[in-house]
Amino acid sequence: MRGFSTLIMLALFAVSSVVGQVPTNIFVTKAEADQILKGNYNPLNYTATQVISDHHQIICDAISNVSTDSLYSYIRKLGTFHNRNSGSDTVSATTGIGAARRWAHSKFESFSAVSEDRLLTSYLQFDQVICGMSEHRDIFTVLPGSDTTDKSIIIIEGHIDSRCEDGCDITCKAHGIEDNASGSALVMELARVMSSFTFKHTIVFMLTIAEEQGLYGANAFAQYCEDNGIQIRAVQNNDVVGGIYCGATSSPPSCPFEDHIDSTHVRIFSQGTFSQLHRSLARSIKIFNQEQYAGVASVPMKVRVMNQEDRTGRAGDHIPFRQRGYTAIRFCSANEHGNADASNLGYTDRQHTVRDTLGADTNGDGVVDSFFVDFNYLRRNSVLNAVTTTMISEGPETPGIQVANNTSGITVTISSQTQYSAYRIGVRPSDSTTNFEAVYTIQDTLAFVVPGIVQGSTYFISAASVGSNGIMSIFSEETLAANASVSSNPGTPTVFSNQLNCNIVGVEKRSDNSAEIASLTIEPNPASTQIHVVVTIHQDRGINNPAFRITNITGQVVYHKAIILEGESADSIVNITGLAAGVYICAILSNREIIQSKKLVIQK
Ligand SMILES: [Zn+2]
């Protein structure tokens, strides 16, 4: 019990120190990213050549392209920086938080290079004394939305910092694999995969700093959003999302017993009395999962909507956003290895210790062969995040409702966002858990008498809109209907059938390592008469029949030439006087597959 009370005190200290200490001098280092976050940009400057915004196609792409190999490569790399504590080395090229964040920044830039430079990567810098360090940086990359009439952004984030038993130990081996290389890898992989697509809303992929000392990096970003009037549609915090094993301890509500394995559930934590949108978002994600993903996943995931904002005595990066009124939730593995009470004698679990490593070498050959993160589980949690963001971005607006309880029954009336032809009504008896008992769908009407009501019982009612593309909005805050006046007959709840047909989707395969396989430089750009093209290819990466190609906006090839390498590079002048003004795609091909591409603007 001593350990438990220590934990509560630590948690209280963490929360109070967020309130007590204020970050100062908060700014975004890249001016262009700053303007995009504020919605001050022309979307046409950031539109993909081939605009794909169909949610089925995006989800299918996430299912096929979110890669366990990529996730593994990021996590392995994050483990090599030795210590990612917020107070650790910022100068070394190989160890400490500085090297880690520069590597993450360069990865985001390499993803952008194969996505027509549509990701803008930056730091959010702020001053606050944390573990002896006074200046800190979150790392993020922004995918500008296509519609700035509603400037609200969506944030997918995870903290990149790590810790050992002592929260400011900057020399221990704080690999921080489950906590939280797993969430960081998820964020990075989604930046890579989702940046091919065009979303209505701006999406921010963010790796925060100083979560372990008191959620400081997330707090600084939330403060920056508040200071600049930036609206946020949702924050998806991912913290501890790859592990499937229970330790001897865990933070409740969690593990049933030590060594229990669970690779099919993910928990969503949110603050929520009945009138809060955070919990409504969590319930909506449960439905998105059921209706858009579980049916096509090889191993279906199940979402647990949790009845508290975080595990008992613990906290996460979604909280500073929620504290400022932004809708925010946390994804977290069903099982955790430890309760972070690492100062307690006898604590043998991994969380917040030097033991939070990639895995074990079980046969003594010096190679890790048994992993503590399940990469397939992490992959599914990544896809679920992509599904969630896609639905939130492309879906309609959440309606408002009025609920009347009288002799004609409990009647729900859609009172705002009345422009849609269909709505869904979620019903939850007051004695139920966090989940809906039933969801009904109404068509071409704004009023609905709730079926299946028992006279004298109390219900929570909420509603979601359904857009013309079939996407459901986030459910509204719940309204209480106390002491039902009359009973009503049973009704027919609806579940939207999964209509994904991923076989018909032809998205060109991209490789995470593409930026390292080949690089492409085009100058000048925009150009009018000629361009200077420099191609570098690393031969050991299995490139065959390399070629340089230019296609116009309709996909027609207007220039094609084999690349003759001198050593690893080739260098040539291409005459473009015969090409009309417009946007073109320049690509390096290997056996006719694109391995690197850049957008070229021709002006006349
Ligand atoms: Zn964490």
Side-chain angles (χ1 to χ4, degrees), residues 7 10-11 13-15 17-18 74-75 78-79 81 83-86 88 97 100-101 104 130-131 136 138-139 155-169 172 174-188 206-219 221 235-245 247 249-252 254 266-269 306 308-321 328-342 347 349-358 372-373 378 381 385:
L7 193 66
L10 284 171
F13 172 76
V15 171
S17 56
V18 168
Y74 310 143
I75 287 180
L78 283 165
F81 295 107
N83 183 308
R84 303 191 303 279
N85 192 286
S86 304
S88 64
I97 189 63
R101 74 183 170 213
I130 304 163
C131 294
H136 302 271
D138 294 325
I139 311 122
I155 299 174
I156 308 174
E157 69 121 83
H159 72 85
I160 193 173
D161 62 308
S162 65
R163 62 170 288 173
C164 295
E165 288 81 346
D166 176 338
C168 285
D169 184 341
C172 64
H175 288 196
I177 297 298
E178 269 185 73
D179 187 12
N180 182 37
S182 64
S184 301
L186 177 152
V187 170
M188 296 176 73
M206 179 165 63
L207 304 172
T208 60
I209 188 71
E211 190 272 350
E212 297 292 6
Q213 290 75 34
L215 322 174
Y216 295 118
N219 183 60
F221 200 92
V235 176
Q236 299 167 216
N237 174 27
N238 284 275
D239 193 352
V240 185
V241 285
I244 61 173
Y245 305 101
T249 67
S250 64
S251 296
S254 182
V266 63
R267 295 178 291 172
I268 300 183
F269 289 95
M306 305 304 290
Q308 49 191 88
E309 187 168 31
D310 212 312
R311 300 98 81 225
T312 303
R314 309 290 298 277
D317 275 352
H318 51 308
I319 294 176
F321 289 96
I329 54 97
R330 172 188 187 153
F331 288 88
C332 192
S333 295
N335 286 351
E336 286 182 87
H337 208 274
N339 64 4
D341 190 12
Y347 182 80
D349 291 329
R350 294 195 283 267
Q351 199 167 91
H352 290 193
T353 73
V354 293
R355 297 183 292 278
D356 186 3
T357 58
L358 187 61
F372 297 151
V373 161
L378 177 59
N381 285 335
N385 266 266

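One-based numbering, in listed order, for ligands and for the atoms of each. Because only heavy atoms are used, hydrogens play no part in the values below, and waters and symmetry mates are left out as well, while side chains stay in.
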>> Distance check below 2.8 Å: does Glu211 bring an N, O or S atom to the Zn ion (ligand 1)?
In response: no

> What distance separates Asp239 CG from Asp310 CG, expressed to the nearest 0.5 Å?
Replying inline: 8.0 Å

>> Between Thr249 and Glu336, does the side-chain contact (heavy atoms from CB on, under 4.5 Å) criterion hold? Intermediate values first, please.
In response: CA-CA 8 Å; Thr249 67; Glu336 286 182 87; over 6 Å; no

> So which N/O/S atom does Asp179 have closest to the Zn ion (ligand 1)?
Replying inline: OD1

> Of the options Asp341, Asp179, Asn339, which is the one that meets His352 in a side-chain hydrogen bond (donor to acceptor under 3.5 Å, both in side chains)?
Replying inline: Asp179

> In Asp239, the N, O or S atom nearest to the Zn ion (ligand 1) is which?
Replying inline: OD1

> Is the charged tip of Arg350 near the ring of Phe372: under 6.0 Å from the six-membered ring centre and within 45° of its axis?
Replying inline: yes

